[in-house]
Amino acid sequence: MSLDSGAVAAATTKQPPSHRAGKPALSEGKKAERRLGLWLCAPAAIIMVAVTAYPIIYAVWLSLQRYDLRFPADREFAGLSNYGAVLSSGYWWQAFLITVIITVVSVAIEFVLGLALALVMHRTIVGRGLTRTVVLIPYGIVTVVAAFSWQFAWTPDKGYLAAMLSEGSAPLTGQASAIAIIILAEVWKTTPFMALLLMAGLALVPDDLLKAAQVDGAGAWQRLTQIILPMMKPAILVALLFRTLDAFRVFDNIYILTQGSNGTGSVSMLGYDNLFKAFNLGIGSAISVLIFIAVAMIALLFIKIFGAAAPGSEPTGKR
Amino acid sequence: MTATAPANKKIGWGVINLLVILYALIPVLWIVSLSFKTADTITDGNFIPRSWTWSNYAQIFQIDLFTSALRNSIGIAIIATVIAVVIGTMAAYAIARLDFPGKKALVGVSLLIAMFPQISLVSPLFDIERAIGLFDTWPGLILPYITFALPLAIYTLSAFFREIPWELEKAAKMDGATPLQAFRSVIVPLAAPGVFTTAILVFIFCWNDFLFAVSLTSTSRSQTATVAISQFTGASQFAEPTGSIAAAAVLLTIPIIIFVLFFQRRIVAGLTSGAVKG
């Protein structure tokens, strides 16, 4: 079937031939295709550049300055010294480690759980609309309020979850237990995002193909790993990529649950504290740029792993 | 297949669905429970309120700010979602199907925007909006929302579009369908899951945003509901606003439920069901 060729193309990691500069003149059809492509992309490109170009350049510029709002007169160009200050600070590496732990653990749990939820939502034969809608509710709830309700639930004498623990335990004040609660809140809140994207990916796997495989004697696990997952590769890339980018910048849940106390602060908390509490714009911006670099490395890693499943990686459009 | 499913299979799915629903709903019910508790029992830790009250709900509608904020939230989120999905669909179609210069640059730029920490972008955005008069207006929020929703929209949609077997469109045309018929009966059903998934995610992003809303608005002209919640103070100056915050969060979830209920039907197996239903 026609879908097979798409899956094969997505699975192989062939390098696209580079565009040659000295190519003979383009045919009329090619020119029209180029024009159409540019016109279709223009609105998105213009809005994105117009809104973010100045703020991003400004933030990078600030990160190269000594600029503390408490001492505005001392503002001067400082080269990379802000970066040196951040990277040689124990606070940064402590926050970095916590962020990595939260990101890896929560994204791993979310992927497995999200895939399971997606399969249930996709295949269930009773109450499909109800299940799909209810599963998405956690993602729809205002993040800060959801975090606040978790905080309430885990606070001794105030919450139903704390009431289940032994007398006198305050889980939000220990480092390990607080991080576990932060991960729980993250997983509960954002698994629906993963599940929804994966479910839409499942919608692209044709039932006929699965039935044919079943007739040929492929078990459920084989069908999942040999047919469903490879065909969903692009959807999995998008879901994992965007979830990891977000998880690495975890902020709301920590801000509400622990305020970053007892060694639970993430790199975004550190950036926020420097920008909006200490008013040290130079250091705060340097932290933001470092977060960006870390996140960019994660994204590149994903795109390398998934190869040609990344958008725009094919040299020519499919017809 | 659905019609001939045996009864015990249905019961099995029923049990699985119930488990899934419980997992998703228990923390939500806790918020609902908080929203119905009276001021003196709110900290008692009971999952089910011992005494019920509507006063938390009555209270938030006495705040003028909340009603106008709800209107702003609905208007801004819907406009931003529609524009982001339309523009994103155009760009994603081009990325998935056409060959043109600058394609990689566009994919790269959108990923860059998705990666840069937003907290460091709000103060320069604030400066720009003040300078050109967009501060505290609907477009002043709609534009950033479209911008920060577009990367996800473009990635999701182009991932879907490249999996669509576009040859089917040609086949339909050969069978005598007009280009519009071929597009409507073959391509639209196949593209729908991706488009509606994107619409749901973008709407939730705009609806729940706090960072941009709190930094780029200042009055009831454009303040959204998430900002209004953060300004609750409770019945008296000294009372904690926990109950009203919970009640407002419950109210804010209802439009999301309606939105998802409305659109989730379109996320179905595209190929087979689309080919039959047309």
Side-chain angles (χ1 to χ4, degrees), chain A residues 2-3 6 33-34 37-38 40-41 43-45 47-48 51-52 54-56 58-59 120 124-127 131-143 145 149 153 157-160 163 196 200 203-204 206-207 234-235 238 242 245 249 272 285 288 291-292 295-296 311-312 316-317, chain B residues 2 5 10 13-14 16-17 20-21 24 28 30-31 43 45 47 87 90-91 94-95 97-100 103-104 106-107 113-117 119-121 124-125 143-144 146-147 150 152 155-156 158-159 163 165 167 193-194 197 204 208 226 249 252-253 256 260-261 264 267 269-272:
Chain A
S2 48
L3 258 180
E33 182 180 328
R34 285 182 151 214
L38 288 172
L40 285 174
C41 287
I47 290 194
M48 287 195 293
V51 174
T52 59
Y54 171 74
I56 289 181
Y58 183 76
V120 170
T124 187
I125 48 179
V126 286
T131 313
R132 286 180 171 190
T133 307
V134 169
V135 163
L136 277 167
I137 290 178
Y139 192 60
I141 286 191
V142 184
T143 314
V145 177
S149 84
D157 301 329
K158 280 188 183 173
Y160 70 108
L196 183 65
L204 282 173
D207 279 343
V238 175
F242 279 84
L245 302 189
R249 293 177 298 182
Y272 173 86
S285 301
S288 289
I291 294 173
F292 165 73
V295 167
T316 50
Chain B
T2 321
K10 273 193 178 167
W13 274 114
I16 294 174
N17 289 348
V20 167
I21 289 171
V28 179
W30 168 243
I31 301 177
T43 56
F47 193 78
I87 295 180
M90 286 160 51
I95 289 169
R97 283 201 73 195
L98 305 174
D99 186 23
F100 60 95
K103 179 150 93 172
K104 285 214 159 134
L106 181 72
V107 172
I113 290 170
M115 293 187 300
F116 211 87
I119 42 167
S120 58
L121 302 183
L125 263 179
L143 282 173
I146 296 173
T147 305
L150 268 177
L152 179 67
Y155 263 72
T156 314
S158 56
E163 293 305 301
E167 305 84 354
T197 303
I204 293 179
N208 280 352
T226 46
L252 280 193
T253 311
I256 303 248
V260 174
L261 262 179
Q264 58 82 21
I267 311 172
L271 240 197
T272 43

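Letters A, B, ... are given to chains in the order of the sequence lines, protein chains preceding strands, and every chain is numbered from 1.
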Would you call the rings of Y160(A) and F47(B) parallel, tilted or perpendicular, where under 30° means parallel and over 60° means perpendicular?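 Ring orientation of Y160(A) relative to F47(B): perpendicular.
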
Go through the structure and list residues passing side chain to side chain contact (heavy atoms under 4.5 Å, CB included) with T197(B), not counting sequence neighbours.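 In terms of side chain to side chain contact (heavy atoms under 4.5 Å, CB included), with neighbours along the sequence ignored, T197(B) is linked to L196(A), L197(A), A200(A), L201(B), I267(B).
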
Hey, which of [options] has the most heavy atom pairs under 4.5 Å with chain A?
options                           : result
I21(B), I146(B), L143(B)          : I21(B)
I256(B), I113(B), V20(B), L106(B) : I113(B)
G14(B), P144(B), A114(B), G194(B) : A114(B)
L152(B), I87(B), V260(B)          : L152(B)

Are side-chain heavy atoms of [X] and [Y] found at a separation under 4.5 Å?
X       : Y       : result
C41(A)  : F100(B) : yes
Y155(B) : V107(B) : yes
F116(B) : T52(A)  : no

Go through the steps to decide whether Y54(A) and L125(B) satisfy the test side chain to side chain contact (heavy atoms under 4.5 Å, CB included), and finish with yes or no. CA-CA 8 Å; Y54(A) 171 74; L125(B) 263 179; over 6 Å; no

Shorter than 4.5 Å, heavy atoms on both sides: which option in [options] has the most such pairs with chain B?
options                   : answer
V295(A), V134(A), T124(A) : T124(A)
A45(A), G127(A), A44(A)   : A44(A)
V142(A), I291(A), T143(A) : V142(A)

Residues which pass side-chain hydrogen bond (donor to acceptor under 3.5 Å, both in side chains) with T253(B), listed by chain and number, not counting sequence neighbours: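 T253(B): no side-chain hydrogen bond (donor to acceptor under 3.5 Å, both in side chains) contacts found.
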
If I measure from the heavy atoms of chain A, does T226(B) come under 4.5 Å with its side chain, its backbone, both, or neither?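 For T226(B), side-chain heavy atoms alone lie under 4.5 Å from chain A.
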
Heavy-atom distances under 4.5 Å only: say whether I119(B) touches chain A with side chain, backbone, both or neither.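 For I119(B), backbone and side chain are both near chain A.
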
Below 4.5 Å from any heavy atom of chain B, which atoms of [X] appear? Answer side chain, backbone, both or neither.
X       : value
S285(A) : neither
F242(A) : side chain
Y272(A) : both

I204(B), L252(B), V28(B) screened by side-chain contact (heavy atoms from CB on, under 4.5 Å) with I141(A), the one that passes: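 Of the listed residues I204(B), L252(B), V28(B), the side-chain contact (heavy atoms from CB on, under 4.5 Å) partner of I141(A) is V28(B).
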
